[in-house]
Amino acid sequence: MVGKKGGSKGMGAAEDAEEELARTPLQAIILADSFTTKFRPITLERPKVLLPLVNAPMIDYTLAWLESAGVEEVFVFCCAHSKQVIDYLDKSNWFGQPNFSVTTIESHNAISAGDALRLIYEQHVEDFPDMFRIAQDPNSIIAANREGINWDIRFRRNMHDWEVNDLVDLFARLQHCHINLQAADKLKWGHQKGVYTVKEGYQQLCSRNPVIANWPWKLIWRTKLPPKIRGDFILVSGDTVSNMSLSQALKEHKERRRKDSNAVMTMVIKQSKASPVTRQSRLGTEELFMVIDPETKQLLYYEDRGDNLKGYLSLDKALLTDNTSISLQNDKQDCYIDICSPEVLSLFTDNFDYQHLRHDFVKGLLVDDIMGYKIYTHEIHSSYAARIDNYRSYHTISKDIIQRWTYPLVPDVQFFGNSATKLERQGMYRAPEIKQSRSSKIGPFTVIGSGTSIGNNTEISNSVVGEGCSIGSNVTIEGCYIWHNVTIEDGCKLKHSIVCDGVTMKSGAALEPGVVLSFKVVIGRSFLVPAYSKVSLHQQPIRQDSDEELEYADNSSGITESPSVSGTLDLLNEEERTELPDSQEYGVGDGGVGFIWLVSEAGQEEEWRHSVAPIPVDKLVAIMQISNDEADLPNEDGAFLPPSGELGPDSITNDSNEDAEDIRDDSVIFEREVEATFQRAVEEDVTDDHVILEVNSLRLTVNEFPGLMLFVILWLDPKFLSAIENCLCLPSLFYCRLSYNMASADCAGALFYSVMKLALDAPHDSPNELYKNVVSTVRKWKKLLKYYLPSIDEEIEVILKFEEMCLESAREYSPLFVQILHHLYDQDIIQEEAILDWASEKEGAEESDKIFVKQSEKFIQWLKEASEEEDED
């Protein structure tokens, strides 16, 4: 603590505290252990943060970003394979950088992020740790703990019996501390003339411990003293890639802290819509649901789909009663970048059941009404931030790096950990000293590391090849990640796989999509490794605990050195290799060495969901079918579950019978208005011209309710609805008529939705009857549909709307997609050009977005051939 004058009033003390806070260097804690098993078997031999990401260790991306963002002190917490991490950082260029210090903290028994933060907290508290833990403001200055000439130390709770003696000892120590109330404040070194020197600091260290009297000078620069978290800090994992600036997020966090000391954390988020089929983000993480106060950005609710298997969300009605407005969002990605106050560390110490940062800590604080701690969000838009959580996110972030979304952390810009490469056309990167045959082909978005040789007629596309690799002739590599010193002999074929350091693939061997070959594995001649297999020199562990990496790290056997992690890994014990069983027992072909790990039936889905390979079309179709079946199943109360995206009736009140209405944005509300207009036209037998007139009137913008923002109003009890209406000074929301500024494409999509919903609502007992309903309904309303299809763009919008319906609100149409599309073509509602353009736009999309293009392949091919015949005529 820094001495402050007691003569100034509270306001002066607060200003001085702010000045002191501004002088505190920005600190960060990196968790160099993910405490999960998602990267097995690789992480049994090497820590995840040292795995190469586009030929540079993951942790180098994290450190490079923190340095560029203005962080001055970084504490790297190492657990599993801690020696490898420490050795790598020792030999890297990160130590000795001006204004950027890196300190490692080692543990051999932490099995969760909670354990890690508790250990860090315990290390940076020297005297009276129990008193520090329960202090109301552990990092307050002296002035905040004095009232005139008396000490006034405040605690968060009453003392337990066993803590009273510590409190007595603390005050006994403080009574000997005398503060000059008249002198100006200043920092003072406590020895000799009060001026700190390196020599004096070294002498003080040596005088306290004679053992280190002759210790090397490096001790001065890399002290083993416990780390000191002196203020707000950045908490990230060592697999984080970002180029965001921290200045705005830090400013918002500090301003909130100044107004409310309970604002202990700010989470960084960004927009990322989950796939409507798999309900996963592009990073392979589960769909995330958050409730955020749109005004203050306070986080009120946090739930990912993996933790919620009920099929619906239950929100406490207090969310509405306690907040003037809330926003329920499922299109956000948690970047796992947190700005924390020092209280976060003490909270983990107070709650030993906090293990996971999100499942335990964040959710625990959100439901804790006693302490009142708050979490806020900061959304980034143009910057990049993501964490490598599984193999799919490894693949996605690698592609983002190659496509330069992470600039300046890209292959052709050198930073610590990577080697220089040259950017060529179509996103191709080549390092120097590459031997490439003239007949070989390097495709777009490919990185080739230095010292690699490529043989005749070999084709490589959308892949990363590491340093020192030897690739033979007639090899095909597509969508793969080949690490360092890999040997691939002639005629091998690799698709969407990961191949670790030192692997050898003998001639004719092949990898099906999703394969992971761990370090130094040998695949035998002409052997085909099945899809999603994992092969390792280690036998498959019987248990699946996250702390097994700790046991393997203590094993004397290691893996080969790699250029990017030079000298950090132990060589494989040659004696141990000679004692390995025959290749037949390994099951990886003639001359092969390695164990193929078995995947349980329950784990198969996770394998293809989180693999670097695209999800197979048959799996996507199966997911859709399961979703259709679940939508028809009643819940425990006998009622049918609401469609995906809606909240159950217990979300806010148990006695509400109102139909759920999703009014998330203008386009959805506009679609509902058009549907209501069309339904009235059907019931009252209104002509097409009158429908067109009314829909056109909806397209015009009126400023009837300026600044109105409607968020989530689902399953509301009438009294809640009335309260909101009164608050907004509106007539009844259900009778409020809004107008919108919409294009023809929006009208076309909304009307097509209404027509198809009418056909769906008509009685039918089979897909064939449903198709007949569509034919008759489209025939009746053909003129209305054609009116809003003046160009190809509107027709493509109709196809996209039909896709959306098949995936979400009207899944019964899924097996009829091609038939209905063909009928729309026959009726001249959708032209050939629109269908071909739609298919062309889908070529670069994710596999989950190409389901119906795949279903329509024969029809599309027929259209292409017919078009070519017309051109020839």
Side-chain angles (χ1 to χ4, degrees), residues 42 45-46 50-58 60-61 84 88 91-93 398 401-402 409-424 427-492 494 497-507 509 511 517-523 558-572:
I42 300 175
E45 303 180 67
R46 183 186 295 183
L50 294 185
L51 303 184
L53 179 69
V54 193
N55 293 342
M58 293 182 189
D60 283 330
Y61 288 91
Q84 291 188 32
Y88 173 72
K91 297 175 182 178
S92 71
N93 293 321
S398 296
I401 293 171
I402 294 172
L409 303 180
V410 291
D412 60 313
V413 177
Q414 193 161 7
F415 59 92
F416 298 125
N418 74 333
S419 56
T421 59
K422 181 181 178 182
L423 174 62
E424 301 178 6
M428 185 168 54
Y429 299 83
R430 280 193 249 228
E433 302 178 4
I434 293 176
K435 297 178 182 178
Q436 179 183 348
S437 169
R438 290 187 176 182
S439 61
S440 64
K441 297 180 181 179
I442 307 298
F445 303 115
T446 298
V447 179
I448 307 295
S450 63
T452 291
S453 61
I454 303 172
N456 299 325
N457 300 314
T458 288
E459 296 185 4
I460 306 175
S461 62
N462 296 296
S463 300
V464 176
V465 179
E467 302 175 5
C469 295
S470 175
I471 302 174
S473 301
N474 301 307
V475 173
T476 301
I477 301 175
E478 179 185 351
C480 293
Y481 299 92
I482 314 297
W483 294 358
H484 306 298
N485 301 317
V486 172
T487 300
I488 302 175
E489 297 182 358
D490 298 345
C492 292
L494 299 79
S497 299
I498 294 178
V499 181
C500 297
D501 295 357
V503 167
T504 298
M505 291 186 62
K506 294 187 177 295
S507 58
L511 305 181
L517 301 183
S518 193
F519 301 98
K520 285 204 167 185
V521 162
V522 179
I523 303 300
I559 55 177
T560 328
E561 297 182 33
S562 69
S564 64
V565 195
S566 176
T568 67
L569 308 173
D570 299 327
L571 294 174
L572 181 66

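Atom set for the values below is all heavy atoms of this structure, side chains included, hydrogens, waters and symmetry mates excluded.
- With sequence neighbours left out, the side chain to side chain contact (heavy atoms under 4.5 Å, CB included) criterion links Ser461 to Glu478.
- Put simply, the side chain of Thr421 never gets that close to the backbone of Ala431: no donor and acceptor are under 3.5 Å apart.
- The side-chain contact (heavy atoms from CB on, under 4.5 Å) test with Tyr481 is passed by exactly one of Leu53, Val464, Val447, Leu51: Val464.
- Of the inter-residue distances, the one linking Ile471 atom CD1 with Ser440 atom OG reads 9.5 Å to the nearest 0.5 angstrom.
- By the 4.5 Å heavy-atom criterion applied to side chains, Leu494 and Ile488 are counted as neighbours.
- Across all their heavy atoms, Ile442 and Gln436 have their closest contact at CG1-NE2, 3.3 Å.
- Each salt bridge (charged side-chain N to carboxylate O under 4.0 Å, His left out) pair with one or both residues in residues 428-454, not counting sequence neighbours, appears once here: Glu424-Arg430.
- Remark: Phe445 engages Ile402, Gln403, Asn462 in a side chain to side chain contact (heavy atoms under 4.5 Å, CB included) (not counting sequence neighbours).
- Looking at Gln84 and Arg46, their side chains come closer than 4.5 Å, going by heavy atoms from C-beta outward.
- Residues Ile42 and Ser518 share a closest heavy-atom pair of CA-OG, 3.9 Å.
- Shown here are the side chain to side chain contact (heavy atoms under 4.5 Å, CB included) partners of Ser463, two or more places apart in sequence or in another chain: Ile460, Ile477, Cys480.
- Looking only at atom types and distance, the side chain of Asn55 has no donor-acceptor partner in the side chain of Tyr429 under 3.5 Å away.
- When all heavy atoms are compared, the tightest approach of Leu409 to Ile401 is O-CG2, 3.7 Å.
- For the pair Thr452 (side chain) and Gly449 (backbone), a donor-acceptor distance under 3.5 Å is present.
- Counting heavy atoms from C-beta outward, Asn457 and Ser473 have side chains that stay 4.5 Å or more apart.
- Closest of all the heavy-atom pairs between Cys469 and Asn485 is SG-N, 3.8 Å.
- Considering only heavy atoms from C-beta on, Leu517 stays 4.5 Å or farther from Ile498 through its side chain.
- Partners of Ser437 according to the side chain to side chain donor-acceptor pair (under 3.5 Å) rule, which considers only residues two or more places apart in sequence or in another chain, are Ser439, Asn456.
- Glu459 meets the salt bridge (charged side-chain N to carboxylate O under 4.0 Å, His left out) test with no other residue; sequence neighbours excluded.
- Residues Ile448 and Ile454 meet the side-chain proximity criterion, which asks for heavy atoms closer than 4.5 Å.
- Although no hydrogens or angles enter the test, the distance criterion places no donor-acceptor pair under 3.5 Å between the side chain of His484 and the main chain of Gly466.
- Between Pro52 and Trp483, the shortest heavy-atom distance links the atoms CG-CD2, 3.4 Å.
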Q: Mind running side-chain contact (heavy atoms from CB on, under 4.5 Å) on Lys506 and Ile523 for me, showing each step along the way?
A: CA-CA 6 Å; Lys506 294 187 177 295; Ile523 303 300; over 6 Å; no

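- The main-chain N or O of Ser507 is never found under 3.5 Å from a side-chain atom of Asp490 such that the two would form a donor-acceptor pair.
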